[in-house]
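The next block holds one structure in the form of structure tokens; read it before the comments.
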Amino acid sequence: MTRLITEWILDMEEGCKRRDLELKEKTGLSLLELAAKAAGRSPLELRRLSGDALVAAVPVTAGLGVIGQFAQSVAAIVRSTGFNCIVMEKSDVNGIYEAYTTGADLIFIADDDRFLAMNTKAPKIGENNLATAAGYVAALEAMINKKNADIKDAPVLVLGYGPVGRHAEEILLAKGARVTVFDKDPFQGKPNRPQDIIHFPYIIEATPESAWIHKEMLAPDALIAAPGIPLGLDAEAAEQFKNQLVHDMLDIGTATMLAMAL
Ligand code: 2YJ
């Protein structure tokens, strides 16, 4: 799993608003609406909950340690969806205790392997890999619907068969999409056919590899939802496809975790 680095999430506070507007332009949905759709919730219900719920983000020092701005970035994203979110001063178990005793309804915590939103009042949890896959499939579906097409029976290519790619495949199959998966690691048991990417109109880019997809490899009308970090498209491809591409470092996954856990 890719470990986030501070430089990737630095512009969070101001960036959230800009990305929310861009998301709305491309998918017709705000971040909250997209997260609600991905979690099978109604945006109205989430908006109603946002008035009362308190969310806390707790820094975790385990493993490779605290990533500067990580908990603050999670808090900024949660706030951008209309919820109240605080970053706890204490870290780790002490921080979880601080959040719990402050009355937090939801606690966000991440180590190097797992990023969770834990509900303190109900047996519910938001897990980042599943939420990210659900969020990006919802984004792809919304872009498809905006073109008056349907995801059912649509050919969707999933690039990368890691945790997010696997969840994406499962969610897409449940929606009736025709799913193909490529992975360059032969041990994943999937073909690696970068030359065939051009034949797919709909793509989930879930690889952890940077800038390996060039514009010539993509169909001109391709719609791309890219949870992979860093982005697999090179700068030129990202620029050319910017209006057909949904990608962020943390927002969609985090907002969907919130919607799943509440
Ligand atoms: O609390 C902190 O600052 C750190 N313990 C955060 C660790 C963040 N975890 C990661 O970067 C994981 N690889 C999960 C990232 C999920 C993004 N899809």
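Within the 3.5 Å criterion, the main-chain N or O of Lys90 finds a donor-acceptor partner in the side chain of Glu98. Side-chain atoms of Thr27 come within 3.5 Å of backbone atoms of Leu29 as a donor-acceptor pair (strictly under, hydrogens ignored). Side-chain atoms of Gln69 never come within 3.5 Å of backbone atoms of Gln72 as a donor-acceptor pair (strictly under, hydrogens ignored). Side-chain atoms of Asn145 come within 3.5 Å of backbone N or O of Ala149 as a donor-acceptor pair.
Of all heavy-atom pairs spanning Asp92 and Ala62, the tightest one is OD1-N, 3.8 Å. Scanning all heavy atoms of the two residues, the minimum distance from Pro230 to Thr2 falls at CD-CG2, 4.3 Å. Taking all atoms of both residues into account, the shortest heavy-atom contact from Val156 to Phe200 is C-CD2, 4.3 Å. Nearest approach of Thr254 to Asn128, heavy atoms of both residues: N-ND2, 4.5 Å. Counting all heavy atoms, side chain and backbone alike, Cys85 lies closest to Val78 at CB-CG1, 3.6 Å. Of all heavy-atom pairs between Asp221 and Lys147, the closest is O-NZ, 4.0 Å.
At least one side-chain heavy atom of Ile107 sits under 4.5 Å from a side-chain heavy atom of Thr120. Side chains of Asn119 and Ile125 form no contact here, defined as non-hydrogen atoms less than 4.5 Å apart. With a 4.5 Å cut-off on side-chain heavy atoms, Asn192 and Pro194 count as touching. At least one side-chain heavy atom of Leu218 sits less than 4.5 Å from a side-chain heavy atom of Ile203. In this structure the side chain of Val246 never reaches within 4.5 angstrom of the side chain of Leu140, judged on heavy atoms.
Contact check on Arg3 versus Asp112 returns a salt bridge, with a Lys/Arg side-chain nitrogen under 4.0 Å from an Asp/Glu carboxylate oxygen. A salt bridge does not link Glu169 with Arg166: none of the charged nitrogens is closer than 4.0 Å to a carboxylate oxygen. Between Lys24 and Glu33 there is a salt bridge, since at least one side-chain N of the basic residue sits less than 4.0 Å from a carboxylate O of the acidic one.
Taken from CD in Glu236 to CZ in Phe241, the straight-line distance is 10.5 Å, to the nearest 0.5 Å. With rounding to the nearest 0.5 Å, the separation of CG in Leu157 from CZ in Arg178 is 12.5 Å.
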I'd like to know whether Arg41 forms a side chain to side chain contact (heavy atoms under 4.5 Å, CB included) with Leu49, so could you lay out the CA-CA distance, the side-chain angles of the two residues, the decisive distance to 0.1 Å, and finally the verdict. CA-CA 12 Å; Arg41 308 282 296 259; Leu49 286 172; 3.5 Å; yes
Kindly indicate, with the supporting measurements, whether the criterion side chain to side chain contact (heavy atoms under 4.5 Å, CB included) is fulfilled by Gln244 and Ile224. CA-CA 6 Å; Gln244 302 149 241; Ile224 308 152; 5.6 Å; no
How far apart are the C-alpha atoms of Asn84 and Asp52, what are their side-chain angles, what is the distance that settles it, and do they pass the side chain to side chain contact (heavy atoms under 4.5 Å, CB included) test? CA-CA 8 Å; Asn84 184 13; Asp52 299 324; over 6 Å; no
From CA spacing to verdict: side chain to side chain contact (heavy atoms under 4.5 Å, CB included), Leu130, Ile171: CA-CA 9 Å; Leu130 175 60; Ile171 296 165; 4.3 Å; yes
Salt bridge (charged side-chain N to carboxylate O under 4.0 Å, His left out), that's the test. Do Glu239 and Lys242 meet it? Break it down for me. CA-CA 5 Å; Glu239 174 58 28; Lys242 65 178 180 217; 2.8 Å; yes
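Centroid-to-centroid, the aromatic rings of Phe70 and Phe115 come within less than 6.0 Å.
Among residues two or more places apart in sequence or in another chain, the salt bridge (charged side-chain N to carboxylate O under 4.0 Å, His left out) test is passed with Glu209 by Lys184. Applying the salt bridge (charged side-chain N to carboxylate O under 4.0 Å, His left out) test to Asp248 and every residue at least two apart in sequence or in another chain returns nothing. Residues passing the salt bridge (charged side-chain N to carboxylate O under 4.0 Å, His left out) test with Lys121 are Asp105, sequence neighbours excluded.
Under a hydrophobic-cluster definition in which Ile, Leu, Val, Met, Phe, Trp and Tyr are linked whenever side-chain heavy atoms come within less than 4.5 Å, directly or via other members, Met118 and Leu258 are assigned to different clusters. Note: the hydrophobic cluster containing Leu31 also contains Ile229 (ILVMFWY, side chain heavy atoms under 4.5 Å, direct or indirect links).
Seen from the ring of Tyr161, Lys190 counts as a face-on cation partner, given the 6.0 Å and 45° thresholds.
There is a side-chain donor-acceptor pair under 3.5 Å between His214 and Asp234. If you check the side chains of Asp20 and Ser30, you find no donor sitting under 3.5 Å from an acceptor.
The environment of Gln195 atom CD is dense: over 12 non-hydrogen atoms of other residues, nucleotides or ligands sit within 6.0 angstrom. Counting non-hydrogen atoms of other residues, nucleotides and ligands closer than 6.0 Å to NZ of Lys146 gives a total above 12.
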